[in-house]
Amino acid sequence: MQIGSKFTVGVHIITAIDYFKELDRVNSEFLAGSIGVNPVIVRTVISQLREAGIVQTQRGSSGAVLAKRLDEITLYDIYTAVGSVDTEEGLFHFHEQPNPDCPVGRNIHKVLDQRLIDAQRAMEEKLRYTTLADIVDDTKQAVQNESNKEKE
C-alpha cells in the first residue's frame with residue numbers, strides 16, 4: 001500500500017505558502033501551478049490542513065497563510081491531517097484469508113504483523129522529528145544552489 005499523494009501535496013503547499021508569502025495571492029490556483037495538479041485537489045488538501053489548524057484561509061482574501069510557525073509543524077502533522085493512513089487498518093494492509101492448511105499461511109501473521117507495526121511506528125517517529133522549517137530551509141538552499149550554478 002502507498003501513502004497517497006495528498007501527503008506530499010500538503011508538504012508542497014506549506015513550503016510554497018512560506019516561500020511565496022511576500023506575493024499578493026498564494027491561492028489554490030497559484031499553488032496548483034507550482035504543484036502541477038488541479039486546483040480542486042489543492043483546495044481539498046488546504047481544507048484538511050485548515051481543519052488540523054495548520055493553515056488559515058478566508059474567502060475572497062489573498063489565499064492561504066500558515067496558522068503555526070514552521071518549526072511547530074511536523075511531517076507527522078501533515079501525514080495525519082490529510083489522512084495518509086487509515087488509523088484502523090494501518091500502513092500495511094494484510095491479505096485477509098491466508099490458507100490455514102498451509103504452514104506459511106497459518107503462520108505468516110504471527111511472524112510478520114508486529115514487524116510491520118514496528119516499521120510503521122519507526123516511519124511515523126521520523127516524521128514527528130522533521131519540521132517544515134527543515135523542509136523550507138532545505139528548499140531555499142536548493143534554490144540558492146541552482147542560482148549559484150546558473151551564474152557559473
Side-chain angles (χ1 to χ4, degrees), residues 1-21 26-57 63-149:
M1 178 163 181
Q2 258 186 346
I3 294 174
S5 65
K6 288 196 304 184
F7 171 68
T8 55
V9 167
V11 174
H12 193 134
I13 286 170
I14 293 168
T15 304
I17 288 171
D18 182 76
Y19 190 87
F20 296 109
K21 64 186 168 204
V26 182
N27 58 24
S28 58
E29 287 77 21
F30 177 87
L31 292 166
S34 174
I35 299 166
V37 298
N38 188 298
V40 173
I41 294 169
V42 172
R43 286 190 284 275
T44 299
V45 174
I46 286 177
S47 176
Q48 292 172 310
L49 295 172
R50 184 180 57 240
E51 288 174 21
I54 296 170
V55 300
Q56 295 175 336
T57 60
V65 295
L66 298 179
K68 296 180 175 183
R69 292 188 337 250
L70 290 171
D71 62 355
E72 297 175 323
I73 305 167
T74 67
L75 290 179
Y76 185 79
D77 295 331
I78 299 165
Y79 170 82
T80 57
V82 301
S84 294
V85 173
D86 181 306
T87 54
E88 301 231 351
E89 186 178 295
L91 182 60
F92 300 98
H93 181 75
F94 215 110
H95 49 288
E96 301 294 328
Q97 306 269 330
N99 184 349
D101 296 328
C102 170
V104 173
R106 196 170 44 249
N107 290 289
I108 194 68
H109 274 285
K110 292 176 202 167
V111 300
L112 191 54
D113 285 355
Q114 191 59 50
R115 287 178 171 97
L116 296 179
I117 291 167
D118 292 346
Q120 180 173 340
R121 284 183 184 149
M123 180 201 69
E124 290 174 352
E125 193 63 23
K126 180 70 173 169
L127 294 176
R128 282 183 181 93
Y129 286 103
T130 304
T131 70
L132 268 288
D134 300 324
I135 301 300
V136 167
D137 289 345
D138 290 351
T139 300
K140 288 177 180 177
Q141 184 61 52
V143 170
Q144 184 62 44
N145 290 345
E146 283 179 344
S147 178
N148 291 342
K149 285 185 181 181

Taken in chain and number order and not counting sequence neighbours, the residues that satisfy salt bridge (Lys or Arg N to Asp or Glu O under 4.0 Å) with Glu125 are Arg128
Exercise for the section: Kindly determine whether Ile14 and Leu70 satisfy side-chain contact (heavy atoms from CB on, under 4.5 Å), including the steps that lead there. Expected result: CA-CA 9 Å; Ile14 293 168; Leu70 290 171; 4.1 Å; yes
Residues pairing under ring-ring contact (aromatic ring centres under 6.0 Å, His included) where one sits in residues 113-146, two or more places apart or in two chains, turn out to be none
From CA spacing to verdict: side-chain contact (heavy atoms from CB on, under 4.5 Å), Gln56, Lys68: CA-CA 9 Å; Gln56 295 175 336; Lys68 296 180 175 183; over 6 Å; no
Rounded to the nearest 0.5 Å, the CD atom of Gln141 sits from the CD atom of Gln144 at a distance of 7.0 Å
Sorted by chain and residue number, the salt bridge (Lys or Arg N to Asp or Glu O under 4.0 Å) partners of Glu72 (sequence neighbours excluded) come out as Arg69
All heavy atoms of Ile46 vs all of Ala64, minimum pair found to be CD1-CB, 4.4 Å
Residue set satisfying side-chain hydrogen bond (donor to acceptor under 3.5 Å, both in side chains) with Asn99, at least two apart, ordered chain then number -> none
Residue set satisfying side-chain hydrogen bond (donor to acceptor under 3.5 Å, both in side chains) with Gln97, at least two apart, ordered chain then number -> none
Without placing hydrogens or testing angles, list every side-chain donor-acceptor pair under 3.5 Å for residues 48-55, not counting sequence neighbours.
{"residue": "Arg50", "atom": "NH1", "partner": "Thr57", "partner atom": "OG1", "Å": "2.8"}
{"residue": "Arg50", "atom": "NH2", "partner": "Ser47", "partner atom": "OG", "Å": "3.4"}

Using modelled atom types only, decide if a donor and an acceptor are shared between the side chain of Ser147 and the backbone of Val143 within a distance under 3.5 Å. no
Exercise for review: Check the pair Val82 / Val9 against side-chain contact (heavy atoms from CB on, under 4.5 Å), numbers first and verdict last.
Suggested key: CA-CA 9 Å; Val82 301; Val9 167; over 6 Å; no
Would you call Thr74 and Tyr79 a side-chain contact if the rule is heavy atoms closer than 4.5 Å?
no
Sorted by chain and residue number, the side-chain hydrogen bond (donor to acceptor under 3.5 Å, both in side chains) partners of Lys110 (sequence neighbours excluded) come out as Asn107
Residues Leu31 and Ala16: closest non-hydrogen pair is CD2-CB, 3.5 Å
Sorted by chain and number, sequence neighbours left out, ring pair (Phe, Tyr, Trp, His ring centres under 6.0 Å) with Phe30 holds for Phe20
Compile the donor-acceptor pairs under 3.5 Å between side chains in residues 133-140 and protein atoms, sequence neighbours left out, one pair per line.
{"residue": "Asp134", "atom": "OD2", "partner": "Thr131", "partner atom": "N", "Å": "2.9"}
{"residue": "Asp134", "atom": "OD2", "partner": "Thr131", "partner atom": "OG1", "Å": "3.3"}
{"residue": "Thr139", "atom": "OG1", "partner": "Ile135", "partner atom": "O", "Å": "2.8"}

For Gly105 and Pro98 the tightest heavy-atom approach is O-CB, 3.3 Å
So ring-ring contact (aromatic ring centres under 6.0 Å, His included) across residues 97-119, not counting sequence neighbours, yields Phe94-His109
CZ (Phe92) and CG (Asp113) are apart, to the nearest 0.5 Å, by 11.5 Å
Determine, stepwise, if the pair Leu132 / Asp71 fulfils side-chain contact (heavy atoms from CB on, under 4.5 Å). CA-CA 6 Å; Leu132 268 288; Asp71 62 355; over 6 Å; no
For Asp101, the side-chain hydrogen bond (donor to acceptor under 3.5 Å, both in side chains) test, sequence neighbours excluded, returns none
So CD of Glu124 and CG of Leu91: to nearest 0.5 Å the spacing works out to 7.5 Å
Quick note, side-chain hydrogen bond (donor to acceptor under 3.5 Å, both in side chains) partners involving residues 8-17, not counting sequence neighbours, are His12-Ser34
